[in-house]
Amino acid sequence: MSASLSLEGRKLILGVCGSIAAYKAAELTRLLKKAGAEVQVLMTAGATRFIAPLTLGTLSGRDVPIEIFPDTPAMGWTRHVELGLWADLFVVAPATADTIAKLAHGACDSMLTATALSARCPILVCPAMDHDMFLHPATTANLATLRDYGYRIMPPEHGPLASGLIGQGRLPEPEQILKRILGELQPASLPDLAGKHVLVTAGPTREAIDPVRFLSNHSTGTMGYALADAASRAGARVTLVSGPTALQPPHGVTFVGVESAAEMADAVLSRSDADLVIMAAAVADYTPAERSDTKVKKADGDLSIALRRTIDILATLGAQKRPDQILVGFALETDHGIEHAQGKLARKNLDWIVLNDMTEPGAGFGTGTNKVTLLARDGRQEALPLMPKPQVAAAILRRIA
């Protein structure tokens, strides 16, 4: 086990809730133990319908409490307090809508929720539920409340769901959760950005064809949101300009939601006086030359759509950049990455560019990790190893700040 993957001596609580994804808790427990962690599993009563406490107890090497009050007085009714003091990190995976609601409102009807209310350690919540349940305003509000409390949220993935639908709600694979846990327990140091204004862009843009169709890309916004969160935690005043995503804005960040490349250009250029500008968004290079006010109907034969260039926001920022301002761009490439990134760095008058090679395993869109190379105006290059995106964000800030 390499040092970067070690959890030796770490104490983790794994809370398991009543979701079909509870079966993944077995593999996650095994991976955590393999990494050297001590693991205490807590289950809700609903979780026992999907996986036996005996299974998780055997894998963790500890009994699995469910109810607040123990079966025997010898077990102690204050165990939730003791566990809350014991743990270095509390991970709830899978976290159902029901348990998220209870955590948000301070209910404690199980050992899991009572321990969460007592815990002094960080709490990482990994939602898993059907797409519509995840997007319901009640769930959205509860997750926002947890973020305000300081809970960390690992967004669910998009894909096939137990209901037969396809959408966002899948619990990430145990390997991905392990990487996030490593990132939480091995946080990279942040620079001091107190008194600085940092502007970050994130996510895709949508370029409307008609009222129901648009051109876009696969960006989820995860990297940009991680950068905004890291800059905020480093003490900066942060403005996050984001295209449409399923993510909640980080706590303490000024959020500006946009849809199209033109809207993003307006939002960014009107705030371009920031000390540090990081353009992590995947902005469309082209937009339909004309937008139909009514749905374009299917007809015989092919359809051609005339496209026109969108404003190059990064080049515009580079042309008006102040000497004391730092401008950072991103380059997502599939081939000749260094060459293309160096060209973009020079053409757009950037101080730094972050090269993201989407052919690298674990990098690109829709992953919880990233593997990037930083290129500086003075010719320096640094390839970072594959890391959880929060750690990548911290590393980027350290280099450029």
Side-chain angles (χ1 to χ4, degrees), residues 130-137 139-140 155-161 165-170 199-228 239-249 253-271 278-317 329-334 344 348 356 358 363-367 370 389:
D130 196 67
H131 176 78
D132 296 307
M133 295 176 70
F134 179 68
L135 295 182
H136 192 282
T139 305
T140 300
E157 294 181 346
H158 187 282
L161 304 171
L165 300 176
I166 295 177
Q168 188 173 15
R170 284 178 61 89
L199 173 64
V200 180
T201 66
T205 62
R206 291 178 178 175
E207 309 304 317
I209 297 171
D210 60 21
V212 298
R213 303 181 181 93
F214 56 82
L215 303 177
S216 191
N217 55 65
H218 295 294
S219 174
T220 62
T222 307
M223 191 68 248
Y225 279 59
L227 283 161
T239 301
L240 173 61
V241 178
S242 174
T245 77
L247 304 175
Q248 292 293 322
V253 166
T254 300
F255 179 77
V256 182
V258 299
E259 187 93 5
S260 66
E263 291 176 357
M264 183 166 285
D266 289 341
V268 169
L269 296 177
S270 65
R271 297 167 174 83
I278 306 176
M279 292 288 294
V283 184
D285 294 324
Y286 295 90
T287 190
E290 295 185 4
R291 179 189 184 277
S292 174
D293 294 329
T294 58
K295 180 182 175 182
V296 177
K297 305 300 290 184
K298 181 170 61 178
D300 294 336
D302 297 330
L303 173 68
S304 296
I305 299 175
L307 302 177
R308 59 176 173 80
R309 280 285 284 120
T310 58
I311 181 173
D312 191 325
I313 305 173
L314 193 56
T316 304
L317 290 171
F330 271 65
L332 179 68
E333 303 293 346
T334 58
K344 187 174 182 179
K348 303 192 179 186
N356 193 348
M358 67 176 299
F365 294 138
T367 66
N370 213 349
K389 286 183 176 177

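This structure is a prediction, so every number in the text was calculated from the model and none was measured.
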Donor-acceptor contact present, side-chain [X] to main-chain [Y], <3.5 Å:
X: T316; Y: D312; answer: yes
X: N370; Y: M223; answer: no
X: T310; Y: A284; answer: yes
X: S260; Y: R206; answer: no
X: K348; Y: I313; answer: no
X: S242; Y: G203; answer: no
X: R213; Y: V296; answer: yes

For a 4.5 angstrom cut-off between non-hydrogen side-chain atoms, does [X] reach [Y]?
X: K344; Y: L314; answer: yes
X: L269; Y: L317; answer: yes
X: I305; Y: L215; answer: no
X: E259; Y: P244; answer: yes
X: P156; Y: R170; answer: no
X: L247; Y: T222; answer: yes
X: F134; Y: L161; answer: no
X: H131; Y: L165; answer: no

Spacing of CG belonging to D210 relative to NZ belonging to K297, to within rounding of 0.5 Å: 10.0 Å

CG-CD1 distance between D285 and I311, expressed to the nearest 0.5 angstrom: 12.5 Å

Of all heavy-atom pairs between [X] and [Y], which one has the smallest distance, and what is that distance?
X: G224; Y: L240; value: O-CD1, 4.4 Å
X: A202; Y: G221; value: CB-O, 4.0 Å
X: M264; Y: G243; value: CE-N, 3.8 Å
X: P160; Y: I166; value: CA-CG1, 4.2 Å
X: P204; Y: N217; value: CB-OD1, 3.3 Å

Partner of V241 under side chain to side chain contact (heavy atoms under 4.5 Å, CB included), chosen from T254, V256, D266, V200: V256

Candidate pair L199 and M279, rule side-chain contact (heavy atoms from CB on, under 4.5 Å), full reasoning: CA-CA 8 Å; L199 173 64; M279 292 288 294; 6.0 Å; no

Cation-pi geometry met for R308 and Y286 (6.0 Å, 45°): no

Trace of the side-chain contact (heavy atoms from CB on, under 4.5 Å) decision for R291 with D293: CA-CA 6 Å; R291 179 189 184 277; D293 294 329; 3.9 Å; yes

Candidate pair Y225 and T220, rule side-chain contact (heavy atoms from CB on, under 4.5 Å), full reasoning: CA-CA 9 Å; Y225 279 59; T220 62; over 6 Å; no

